[in-house]
Amino acid sequence: MKKIKGILITLIVIYVATAFLGENFLGGYNQGKLLERTGLYGLLGIGVAFVIITGGIDLSIGSVVCLVGCGVPWLVMKQDWSPEAAVMMAIVVSMCIGLWHGFLITKLKLQPFVVTLCSLLIYRGATRGLAEDQSQGFGGDYEAFRSWGTEAISVTSKFGIPYPFVILIVVAAIAWVFLNKTIWGRYLIALGNNEEAARLSGINTDRMVILSYVICSMLAALGGLLFILNGNSAQPSDFGNFYELYAIAAAVLGGCSLRGGEGTIVGVVIGTAVMQLLKNMINLVDWLKSHMEFLIVGVVLLVAVIADEIIKQRVRRQR
Amino acid sequence: MKKIKGILITLIVIYVATAFLGENFLGGYNQGKLLERTGLYGLLGIGVAFVIITGGIDLSIGSVVCLVGCGVPWLVMKQDWSPEAAVMMAIVVSMCIGLWHGFLITKLKLQPFVVTLCSLLIYRGATRGLAEDQSQGFGGDYEAFRSWGTEAISVTSKFGIPYPFVILIVVAAIAWVFLNKTIWGRYLIALGNNEEAARLSGINTDRMVILSYVICSMLAALGGLLFILNGNSAQPSDFGNFYELYAIAAAVLGGCSLRGGEGTIVGVVIGTAVMQLLKNMINLVDWLKSHMEFLIVGVVLLVAVIADEIIKQRVRRQR
Amino acid sequence: TAALGAFAFSGCGEKDGGKESYALVTTGVASFWDICKKGGEDAGEELGVEVEVLMPSSGDDQRSKLEDLLAKGVDGISVAAIDPVNQAGLYDEVAEESILITMDTDAPTSKRQVYVGMDNYDAGWMCGELVKEAIPEGGEVVLFIGRLEQDNAKRRRQGVIDCLLDRGKDPSRFDAPGQSQIGEKYTVLATLTDQFDRAKGKANVEDMLTKHEGVAAMVGLFAYNPPLILEALKQAGRIGEVKVVGFDEDEVTLQAIKDGTVHGTVVQDPYEYGNRSIRVLHALVNGDTSVIPENKIIDIPARQIRKDNLETFWTDLNFKLGK
Amino acid sequence: MEEPFLEVRKIKKLFPGVVALSGVDLWVNAGEVVALIGENGAGKSTLMKILAGVQPADEGELLVDGKVVRFAHVQDAQKAGIALIHQELNLADNLTVAANMFLGREPGKFGWIDQGAIGREAKRVLEVVGLEVSPDTLLSELTLGKQQLVEIAKALSTEAKVIIMDEPTSSLSMSESERLFDVIRELRESGVSVIYISHRLGEVKELADRVVVFRDGENAGMLERDEVDHDAMVRMMVGRDVSQFYQRTEHELGEVALSVRGLRTEEHPSNELGFEVRAGEVVGVAGLVGAGRSEMLSALFGARPALSGEVSVGGREGLPRSPREALERGLALVPEDRKGQGIILDMAVKENMSLASLRHAARGPFVNVSKEEELVAEMTAALSVKTPGSWQLLRFLSGGNQQKIVLAKWLALKPKVLLLDEPTRGIDIGAKEEIYLLMERFASEGMAVLFVSSEMEEIMGMADRTLVMHEGRITGELARENFSEESIMELATGGNVNEAE
Ligand SMILES: Nc1ncnc2c1ncn2[C@@H]1O[C@H](COP(=O)(O)OP(=O)(O)OP(=O)(O)O)[C@@H](O)[C@H]1O
Ligand SMILES: Nc1ncnc2c1ncn2[C@@H]1O[C@H](COP(=O)(O)OP(=O)(O)OP(=O)(O)O)[C@@H](O)[C@H]1O
Ligand SMILES: [Mg+2]
Ligand SMILES: [Mg+2]
């Protein structure tokens with residue numbers, strides 16, 4: 001609770017401010033859309049949180065989003081695969097990607113930054129080659145398949161809980177249980193703090209690190225899938241660009257430390273919500289211009305990080 | 001020499017291969033353009049190398065390129081500043097940016113990744129706000145000013161050594177002397193290896209780290225300036241996008257370790273040349289398609305990094 | 001004489017088979033350009049020349065792609081300008097070394113020999129007319145576009161606005177994107193950009209649906225914008241209620257016109273841009289300057305596609321694309 | 001004779017450049033407390049890590065219950081009933097006490113952690129070791145000593161048949177240590193074997209059924225319960241009598257070189273430290289691990305900020321705010337963590353030696369290469385540093401030579417006061433002696449030497465005078481003639497020396 005207090009307050013402040021300043025912010029439609037976007041981006045945030053907790057980083061998330069977001073419709077529409085087969089393929093490929101990252105990082109002792117920087121280039125390049133730079137989407141077909149990304153559980157006539165958000169909640173719940181209630185979660189947190197100690201306690205730290213990269217890539221793939229189901233339009237050259245940075249920013253906002261060993265799933269979800277809320281605010285508040293988006297998100301992130309650090313240092317000094 | 005042997009061989013292999021496979025690769029015009037691009041991107045690489053040597057990272061380079069690349073023509077064309085005044089402004093602003101990064105990293109003990117991630121968003125956002133999302137350039141004016149980025153020292157009728165490359169060589173020479181012949185260079189390398197030991201040897205490590213961020217931002221600004229002088233057209237939303245990644249990749253190719261304490265200026269210049277050569281090759285060799293660019297660059301980078309690590313581990317074991 | 005000069009230069013770039021080679025350079029990567037590519041390649045096949053299509057990722061990338069083409073030594077280049085004012089110098093350089101024409105977006109101040117395409121301002125104006133048809137009683141309109149930094153986008157948007165506000169034609173006008181333009185019947189509330197991030201493009205539509213509940217029409221000015229508008233409207237259950245007018249010929253847009261969910265779209269003729277570019281270049285290289293009209297503009301007019309003329313257009317397009 | 005429960009035969013272990021173990025033997029019977037002693041670097045910890053499955057042996061056999069076993073992982077050793085309390089703390093300080101105790105072997109089904117069981121069991125074991133904290137406390141909130149107790153509790157909770165304790169009392173107070181000894185005796189009663197490693201020979205005498213001595217990675221001998229006495233152990237460890245090991249000569253003391261008044265550090269803001277050191281004097285600082293000795297030296301040197309205090313060095317007043325300021329005043333510090341703070345492993349001998357004095361060997365901003373070479377050659381000779389050349393990376397030098405380079409780094413600046421923090425930690429005997437000789441030489445040349453050491457003998461052998469610290473306070477000062485293990489220990493655990501006498 002303590003760790004997410006700051007970001008929770010930030011969320012509430014921005015929420016209330018937008019409710020006053022923005023037009024129709026509290027309408028059911030807008031609230032639903034906020035949940036939907038939090039759902040989509042939140043999956044990436046949770047994925048990268050696992051990697052960050054081990055003290056690693058994954059810069060390839062946006063490219064995995066691109067690979068899956070373009071690859072699945074390409075398989076379905078251009079290669080006549082069934083949606084199920086395409087999804088299976090996405091699962092297998094993203095798992096292999098995670099295993100490969102983990103292998104290079106634990107066995108060859110390469111640095112996560114370097115490995116995933118290469119991956120960022122490679123997967124996007126591969127997708128562009130595969131799709132031959134053509135836009136991908138399902139056209140008007142596969143409504144049922146696409147409903148995973150577009151439908152909502154109706155609550156009122158205007159407001160429903162979008163499936164992507166439901167999926168996020170399920171994933172977040174599993175992730176939370178995994179991280180806080182199971183031995184593997186405990187191992188991850190321990191090794192993120194002190195890898196040597198974890199190893200000397202008989203934990204197979206390499207395997208856990210690999211697992212974290214697998215989780216990250218698979219959640220990036222799930223995110224990519226839902227993005228394309230939801231938006232139905234993807235261009236290999238720019239789909240998912242910079243999404244890794246948004247995901248990392250959300251995780252940092254949510255209390256993950258890039259030094260490892262620290263992070264809460266709830267915080268990441270709230271961090272994602274703050275980012276999405278900010279973007280929504282910029283569109284809904286008249287005097288905020290849309291080209292200020294980066295500026296505002298960057299400043300909020302920086303202020304949050306500085307505040308967090310100052311508070312931490314103060315607490316440390318008081319002890 | 002040993003450190004750059006690998007990358008030098010890579011350069012030669014790719015160079016010879018392209019000479020055979022590509023059309024008119026060896027022509028004076030193409031050779032000039034290769035030098036020009038190496039000059040432009042190489043400045044960013046040298047800048048980030050300083051930061052990497054201290055064990056830090058700078059993700060904001062692309063955004064600084066954007067800020068200066070759009071800001072200088074904006075000042076000159078829209079605000080009627082003289083080119084000299086605009087350049088002075090760019091110098092002052094980029095110096096302040098470096099100081100600010102260094103301050104946050106050394107005094108507030110924030111992580112370089114987080115600080116410069118925020119900066120990546122903020123400077124791009126600020127530029128977009130400033131330029132109101134309009135393309136920036138000098139139109140047909142200020143030829144003399146622009147010649148810094150466009151002219152070349154004629155050698156033959158077809159081939160000249162472009163000013164940006166001359167500038168790179170001068171900067172690289174100064175950087176080399178700084179790093180290898182002055183006490184500050186020694187201090188940078190020492191603190192990159194072991195900051196605590198350097199501090200306890202009486203080195204003002206904070207000041208040195210700040211200096212490295214200042215150098216990085218100022219070289220990014222110089223790069224941004226030359227990019228706009230050379231290309232004369234900058235779009236705030238994508239000018240310089242991902243350039244930090246190219247710069248980091250070139251530095252890593254050139255033998256910098258992200259763990260700090262390691263890196264050679266010559267290596268970075270060669271690393272940049274390899275990246276530019278690859279892109280050129282993709283365009284000049286018929287059966288290489290331009291959408292493969294990312295794939296090829298990524299794979300070459302990964303192979304180089306893996307090879308380097310394996311050789312290093314072998315050497316360590318033999319001792 | 002220009003042709004001769006270019007020929008001399010390309011002499012060193014002669015390929016093994018002695019085939020002439022041409023290049024099309026686009027503004028970016030998009031399905032719109034795929035059609036253009038097809039047009040160029042078809043012309044190439046017919047004329048027995050080589051055609052290469054390069055799609056740069058940014059203005060800066062376009063420059064290095066052009067330079068690489070010069071290095072390689074192609075006989076002629078047709079380029080879609082990104083920033084005609086500032087890039088004129090670059091185009092001049094290319095024009096000196098090879099034969100240069102422009103397509104899709106002109107760079108009139110440069111030394112390009114001829115422009116193949118239409119005026120984006122006029123096309124925008126046509127788009128505005130479609131909006132007027134869609135909501136004859138007037139109302140609020142929101143525009144969506146990838147970005148405003150490139151010239152074609154700026155002019156296209158201005159055309160729509162000027163038409164809706166019943167101003168006189170003036171392509172040099174520029175209204176700041178953040179402000180609403182209020183006319184007698186029509187109000188252009190805002191222009192939203194997404195920097196080609198599709199998820200953001202869709203979110204922009206959604207946020208405008210939230211902010212302006214009474215919005216009467218939405219206009220998507222880049223090829224991928226109308227499908228995103230449709231998707232958002234569909235998910236909001238407001239299809240039909242908010243009128244949609246599009247630009248370009250994305251399949252989803254065309255299908256929606258057929259279904260009646262999009263009122264109409266303004267199509268350029270990217271196939272023809274590509275195809276004609278190659279033919280003109282071929283003629284110029286072979287010394288035939290008669291292909292250049294007086295005003296140095298080969299007009300490939302934009303067309304308004306509504307439900308009534310959709311079928312013929314679509315069939316023709318599919319035929320050209322070999323589908 | 002009964003079959004030993006655990007036996008080690010001819011174990012060899014090489015590290016790059018070091019022979020850590022060259023064929024050692026060891027056996028432990030059930031219910032026996034075996035003490036393993038030896039100088040730093042004798043290979044004790046290395047052998048224990050092999051026993052615990054942390055690292056494999058290069059050669060040799062391991063037998064449990066008479067059967068040859070191979071431990072590929074820590075878990076193999078755990079299953080065989082062997083638990084190791086590491087010399088350094090190996091805990092994750094973002095987890096709770098209970099979570100740390102059961103890390104890697106959490107009870108529960110299908111990966112689900114049974115928090116209740118962990119809490120209950122942790123509570124029980126914590127009581128056994130006498131640590132009165134809630135199992136749910138975050139480890140980061142505990143002091144070093146208490147963390148050490150958690151480490152001990154962690155090993156006890158494994159219900160192992162052999163528990164290896166590698167210097168478990170180094171950071172414990174007297175009463176905590178006493179409690180631990182009771183636990184060890186109880187373990188012995190219940191048939192559990194203990195391998196006990198310590199440099200405190202008093203403890204060893206009190207506890208051990210048998211003492212095994214290592215020297216330079218070899219068995220140096222063994223003492224049965226009735227043969228154990230202080231001098232015998234020392235002789236076996238060192239290979240000669242101790243008295244000649246520390247060579248001090250009488251010489252005149254000079255002016256007061258370092259004077260400290262009212263120094264308050266961040267860790268112990270309520271305590272004020274004050275003392276003086278005269279030129280030519282060698283003053284030792286004794287205390288338990290975590291007593292605040294390093295903290296004090298760091299504060300003097302400006303490496304960690306001091307809250308307040310007056311420091312005067314050679315007459316110059318003022319508290320140094322940074323190492324830079326400190327060395328301008330004539331202070332120099334040889335830090336305790338050599339690899340982490342003292343040297344730069346991946347830089348050459350030359351560059352390490354000249355790092356602090358580079359400013360003086362420079363022409364403007366440029367390094368004066370010939371002057372640097374000169375200085376390095378001079379220092380290498382003066383301290384007889386063994387290196388193939390000044391280009392060699394420090395990574396490939398022995399610990400003793402690395403330490404000499406740290407000294408050389410400072411000597412070039414001719415400091416007035418030399419601060420040494422654990423100057424001989426992890427250094428072999430030969431090098432150790434050389435360091436002592438150097439300390440003696442510096443003092444005789446008029447330098448003031450203040451050194452922190454956890455080795456009682458080193459303190460007693462080298463110091464003219466000793467300050468003893470406990471929990472951030474200087475609890476007493478002993479002149480050379482009053483030195484005794486008892487008096488120092490008494491002060492180090494917070495007792496009053498007068499009361500003790
Ligand atoms: N991982 C390692 N890599 C290289 N050398 C090592 C390693 N571990 C130990 N050594 C070396 O092996 C030798 C034996 O070290 P070990 O830690 O076993 O000594 P020890 O008897 O436990 O000493 P202490 O009393 O200081 O704990 C030393 O010279 C040490 O430097
Ligand atoms: N790096 C550190 N960060 C925070 N606290 C520390 C650190 N190092 C030591 N401490 C704390 O400071 C106090 C004093 O430690 P210090 O290292 O000064 O003791 P010491 O007597 O020198 O022990 P040692 O023999 O281990 O050097 C202890 O309570 C310890 O927990
Ligand atoms: Mg040991
Ligand atoms: Mg200490």
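Letters A, B, ... mirror the listed sequences (proteins, then strands); counts begin at 1. Please read all numbers here as calculations on a predicted model, not as lab measurements.
Note: B:Leu258 leads B:Leu258, B:Leu59, B:Ile248 in heavy-atom pairs under 4.5 Å with chain A. Contact tally against chain A (heavy-atom pairs below 4.5 Å) for B:Leu120, B:Ile310, B:Leu117, B:Val252: the top residue is B:Leu117.
Residues forming a ring-ring contact (aromatic ring centres under 6.0 Å, His included) with A:Phe113 (at least two apart in sequence, or on another chain): none. In this view, A:Phe50 and A:Phe178 satisfy the ring-ring contact (aromatic ring centres under 6.0 Å, His included) rule, not counting sequence neighbours.
None of A:Leu110, A:Leu108, A:Val115, A:Leu104 except one satisfies the side-chain contact (heavy atoms from CB on, under 4.5 Å) rule with B:Val305; the exception is A:Leu110.
Counting heavy-atom neighbours within 6.0 Å of A:Met292 CE, excluding the residue itself, gives a total above 12.
Using a 4.5 Å cut-off between non-hydrogen atoms, the part of residues 297-304 of chain B that approaches chain A consists of B:Val297, B:Gly298, B:Val299, B:Leu301, B:Leu302.
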Are there donor-acceptor atom pairs under 3.5 Å between chain A and chain B, and if so which?
residue  : atom : partner  : partner atom : Å
A:Leu108 : O    : B:Gln313 : NE2          : 3.3
A:Lys109 : O    : B:Arg259 : NH2          : 3.1
A:Gln111 : OE1  : B:Leu258 : N            : 3.4
A:Leu258 : N    : B:Gln111 : OE1          : 3.4
A:Arg259 : NH2  : B:Lys109 : O            : 3.1
A:Gln313 : NE2  : B:Leu108 : O            : 3.3

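Residue A:Ile296: no heavy atom, backbone or side chain, is found under 4.5 Å from chain B.
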